[in-house]
Asker: 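Could you have a look at this structure, given as structure tokens, before my questions?
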Amino acid sequence: MTSLHRDGNVLASAGLDNSIHIWDIRKFLSHKSKKSLKPVSSFAAGRSVNSAFFSPSGASLLATTMADRLELFENAHQRSGTLKPYQSIRHNNQTGRWLTTFMATWHPQLDIFVSGSMSKPRCVEGFDATGRLLRSVTGESLSSVMSRCCYHPSPEKLTVIGGNSSGRMVVIR
């Protein structure tokens with residue numbers, strides 16, 4: 001998974017190599033040698049990284065890892081060397097082989113994010129940019145794990161859409 005920072009010059013990449021890399025894409029355009037490009041900064045997660053997304057403000061980077069963590073990094077686009085999270089949230093991300101992996105995602109306009117959960121009763125969890133749990137939503141409609149969740153872009157009335165591995169969707173208002 002990749003995410004482009006709002007400044008248009010910085011790219012975050014994440015994946016099966018157990019790491020998050022921050023790249024200055026201006027170096028891609030000027031790179032003419034056969035040497036491989038090096039990331040500006042990196043974080044070793046220990047296990048694979050499902051996603052890494054910059055917040056709408058660009059101040060935070062959110063990563064979902066198979067090390068059972070939601071990692072938050074402050075101003076990752078301005079860092080060099082080894083990244084260190086300012087908040088590491090314990091979050092069971094072990095969906096197993098039959099469920100789609102979790103990918104915590106930001107609201108398109110606000111610095112809040114949402115993620116599915118393996119907790120019982122089944123729920124969807126919303127957090128602020130500091131990693132504080134704002135709300136855990138449960139209910140009869142959440143009878144399965146909502147592996148993928150996202151916010152509707154409207155900031156006036158928060159709406160979350162969750163989807164499971166079978167294609168079932170739930171709208172939470």
Asker: Measure from the side-chain N and O atoms of Q109 to the backbone N and O of P56, and report whether any donor-acceptor pair falls under 3.5 Å.
Answerer: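 Here the side-chain-to-backbone pair does not exist.
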Asker: To check you understand the geometry: which heavy-atom pair defines the closest contact between G116 and C149, and what is its length?
Answerer: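 Heavy-atom minimum between the residues: N-SG, 3.8 Å.
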Asker: Say whether, by atom type as modelled, one donor and one acceptor occur between the side chain of N92 and the main chain of M118 under 3.5 angstrom.
Answerer: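 Answer holds: no.
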Asker: Indicate, with yes or no, if V137 and V170 share a hydrophobic cluster defined by side-chain heavy-atom contacts under 4.5 Å among Ile, Leu, Val, Met, Phe, Trp and Tyr.
Answerer: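 V170 clusters together with V137.
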Asker: Quick one: does L61's side chain get under 4.5 Å of I22's, heavy atoms only?
Answerer: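 A side-chain contact exists here, since the closest heavy-atom pair is under 4.5 Å.
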Asker: As an exercise, state the distance from OG of S141 to CE of M169, rounded to the nearest 0.5 Å.
Answerer: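 It comes to 13.0 Å.
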Asker: Only counting residues at least two apart or in another chain, list the ones meeting salt bridge (charged side-chain N to carboxylate O under 4.0 Å, His left out) with R90.
Answerer: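 Partners of R90 by the salt bridge (charged side-chain N to carboxylate O under 4.0 Å, His left out) criterion, ordered by chain and then number, come out as D68.
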Asker: With side-chain hydrogen bond (donor to acceptor under 3.5 Å, both in side chains) as the test, would you mind laying out the steps for S57 and D111 before giving the verdict?
Answerer: CA-CA 7 Å; S57 70; D111 279 1; 2.5 Å; yes
Asker: Between the main-chain N or O of V10 and the side-chain N or O of W23, is there a donor-acceptor pair closer than 3.5 Å?
Answerer: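 Answer holds: no.
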Asker: Where the side chain of R47 meets the backbone of T65, is there a donor-acceptor pair that is under 3.5 Å apart?
Answerer: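 Absent.
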Asker: Can you tell me how far the OG atom of S147 sits from the CG atom of L99, to the nearest 0.5 Å?
Answerer: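 Separation between the atoms: 5.0 Å.
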Asker: Rounded to the nearest 0.5 Å, what separates atom OG in S19 from atom CG in L83?
Answerer: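 Interatomic distance, S19 OG to L83 CG, rounded to 0.5 Å: 10.5 Å.
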Asker: Taking all non-hydrogen atoms of both residues, which atom of N9 and which atom of D7 are closest, and how far apart?
Answerer: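 So the minimum-distance heavy-atom pair works out to N-OD1, 2.7 Å.
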Asker: Can you hop from F53 to F102 via hydrophobic side chains spaced under 4.5 Å?
Answerer: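 As far as the 4.5 Å side-chain criterion goes, F102 and F53 are not connected within one cluster.
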Asker: Quick check against the 3.5 Å criterion: does S55 have a side-chain atom that pairs as donor or acceptor with the backbone of S60?
Answerer: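 Flag set: sc S55 to bb S60 pair under 3.5 Å.
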Asker: Report the residue from L62, T64, V114 that forms a side-chain contact (heavy atoms from CB on, under 4.5 Å) with T105.
Answerer: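 By the side-chain contact (heavy atoms from CB on, under 4.5 Å) criterion, T105 pairs with just one of L62, T64, V114: V114.
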Asker: Of the non-hydrogen atoms in A14 and V49, which two are nearest, and what is the gap between them?
Answerer: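 Result for this residue pair: CB-CG1, 3.4 Å.
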Asker: Are the aromatic rings of F43 and H21 close, with centres under 6.0 Å apart?
Answerer: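 Not under 6.0 Å, so no.
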Asker: For L158 and L110: C-alpha separation, side-chain torsions, deciding distance, then whether side-chain contact (heavy atoms from CB on, under 4.5 Å) applies.
Answerer: CA-CA 10 Å; L158 292 180; L110 307 171; 3.9 Å; yes
Asker: Determine, using the 4.5 Å side-chain heavy-atom cutoff (strictly less than), whether L134 and V124 are members of one ILVMFWY cluster.
Answerer: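 In one cluster: yes.
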Asker: Apply side-chain contact (heavy atoms from CB on, under 4.5 Å) to the pair I161 and Y151, showing each step before the final yes or no.
Answerer: CA-CA 6 Å; I161 296 93; Y151 282 101; over 6 Å; no
Asker: Would you find a donor on one side and an acceptor on the other, under 3.5 Å apart, between the side chain of H77 and the backbone of F54?
Answerer: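 No; zero donor-acceptor contacts below 3.5 Å.
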Asker: What are the two closest non-hydrogen atoms of S154 and E156, and how far apart are they?
Answerer: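 Of all heavy-atom pairs spanning S154 and E156, the closest is OG-OE1, 3.1 Å.
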Asker: Tell me whether L16 is reachable from M103 by hopping between hydrophobic residues (I, L, V, M, F, W, Y) whose side-chain heavy atoms are closer than 4.5 Å.
Answerer: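 Result: no, two separate clusters.
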Asker: Could you go through T95 and T101, starting from their C-alpha distance and side-chain angles, then the distance that decides it, and tell me whether this counts as side-chain hydrogen bond (donor to acceptor under 3.5 Å, both in side chains)?
Answerer: CA-CA 6 Å; T95 54; T101 57; 5.7 Å; no
Asker: Hydrogens and angles aside, do S88 and E71 bring a side-chain donor and acceptor to less than 3.5 Å of each other?
Answerer: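 The criterion, which ignores hydrogens and geometry beyond distance, is satisfied for E71 and S88.
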Asker: Keeping the roles fixed (side chain from S80, backbone from V40), state whether a donor-acceptor pair exists under 3.5 Å.
Answerer: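 Not at all, since once roles are kept as given, no pair shorter than 3.5 Å links the two residues.
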Asker: Please give me the minimum heavy-atom distance between A45 and A67, naming the atom from each residue.
Answerer: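 Where A45 meets A67 most closely, the heavy atoms are O-CB, 3.6 Å.
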Asker: Using 0.5 Å steps for rounding, measure from the NE2 atom of H152 to the CZ atom of R173.
Answerer: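 Going from the NE2 atom of H152 to the CZ atom of R173 covers 8.0 Å.
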Asker: Counting N and O atoms only, with roles assigned by atom type, does the side chain of E125 sit under 3.5 Å from a partner on the main chain of S115, one being a donor and the other an acceptor?
Answerer: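 Checked: no pair found.
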Asker: Please report whether the ring centroid of F73 lies less than 6.0 Å from that of Y86.
Answerer: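 No, the ring centres sit 6.0 Å or more apart.
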Asker: Is the side chain of H91 donor-acceptor paired with the backbone N or O of S117 at a distance under 3.5 Å, no angle test?
Answerer: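 A pair under 3.5 Å: no.
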Asker: Check whether more than 12 heavy atoms from other residues, nucleotides or ligands sit under 6.0 Å from atom CG of L133, and answer yes or no.
Answerer: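 Correct, the count exceeds 12.
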Asker: First locate atom CG of L142, then atom SG of C123, and finally report the distance between them rounded to the nearest 0.5 Å.
Answerer: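 Output value for this atom pair is 8.0 Å.
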Asker: Does I25 reach the side chain of L4, with side-chain heavy atoms less than 4.5 Å apart?
Answerer: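 I25 reaches L4 side chain to side chain.
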Asker: Spell out, as yes or no, whether a donor-acceptor pair under 3.5 Å connects the side chain of D128 to the backbone of I112.
Answerer: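 Not confirmed, D128 side chain does not pair with I112 backbone.
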